[in-house]
Amino acid sequence: MIQHPMTLTGPKEDAGDPAVVVATRPKTKRPPLYKVLLLNDDYTPMEFVVAVLERFFGMSHAQAFEIMLTVHKKGLAVVGVFSHEIAETKVAQVMDFARRHQHPLQCTMEKE
Ligand code: TYC
């Protein structure tokens, strides 16, 4: 017996009917974010850390002083959250600035 083409995949299947448009989910995956962390040490002067936070993270003096004290007391703090490329740049800028001033200040990044 010859089967009608419509019954080959069953009535619920889309057998390539050009009139059928299937809704697509817009897959706009946001890029992962990275936390930039500042680490405490016993030697970097407090005022240098404040200057770093003002210069590279756009903080006011009061904000920068507050975050510096958090790092000093707790051992580390998140100083910003950025895309991978921006986070890498911030870390490199801080590490270079600290190295040029011969301070052991450490700055790292981690995926949020
Ligand atoms: N602990 C340092 C001091 O007593 C100050 C300091 C704060 C150093 C924050 C690093 O990320 C830092 N001079």
Side-chain angles (χ1 to χ4, degrees):
M1 180 200 175
I2 296 165
Q3 203 170 18
H4 187 278
M6 207 57 142
T7 68
L8 286 168
T9 57
K12 288 278 161 48
E13 300 281 338
D14 168 19
D17 183 337
V20 174
V21 176
V22 177
T24 54
R25 184 164 44 98
K27 57 163 202 313
T28 53
K29 281 223 302 287
R30 287 150 299 131
L33 293 175
Y34 291 79
K35 298 183 283 195
V36 171
L37 307 160
L38 205 59
L39 277 55
N40 188 39
D41 67 73
D42 292 339
Y43 307 103
T44 304
M46 290 184 172
E47 274 312 317
F48 183 81
V49 178
V50 171
V52 162
L53 293 171
E54 290 173 331
R55 176 185 289 241
F56 298 114
F57 298 92
M59 295 183 194
S60 68
H61 191 79
Q63 259 183 319
F65 199 91
E66 199 174 294
I67 300 292
M68 179 281 295
L69 272 189
T70 299
V71 179
H72 177 70
K73 290 189 220 168
K74 309 249 184 188
L76 83 178
V78 176
V79 298
V81 177
F82 307 98
S83 70
H84 188 273
E85 189 178 352
I86 300 293
E88 263 191 342
T89 301
K90 299 286 182 191
V91 169
Q93 286 173 332
V94 172
M95 293 300 283
D96 186 58
F97 193 61
R99 186 193 52 75
R100 273 157 37 213
H101 289 84
Q102 303 190 345
H103 295 310
L105 181 64
Q106 293 295 306
C107 185
T108 61
M109 60 191 271
E110 68 174 40
K111 203 169 180 180
E112 199 178 51

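Whatever order the structure lists ligands and atoms in, that order sets their numbers, starting from 1.
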> Quick one: are Phe57 and Val94 in side-chain contact, heavy atoms under 4.5 Å?
Replying inline: yes

>> Starting from Phe82, can I reach Leu33 by hopping between I/L/V/M/F/W/Y residues whose side chains sit under 4.5 Å apart?
In response: no

> According to the interplanar angle, ranging from 0 to 90°, do the rings of His61 and Phe65 count as parallel (below 30°), tilted (30 to 60°) or perpendicular (above 60°)?
Replying inline: tilted

>> Check the orientation of Phe97 and Phe56. Use parallel for under 30°, tilted for 30 to 60°, and perpendicular for over 60°.
In response: perpendicular

>> Whether Glu112 and Lys35 form a salt bridge (side-chain N of Lys/Arg under 4.0 Å from carboxylate O of Asp/Glu) is what I want to check.
In response: no

> Under a 4.0 Å heavy-atom cut-off, what residues line ligand 1?
Replying inline: Leu38, Leu39, Asn40, Asp41, Thr44, Met46, Val49, Met68, Val71, His72, Leu105

> Taking side chain as C-beta onward, heavy atoms only, is Val52 less than 4.5 Å from Leu105?
Replying inline: yes

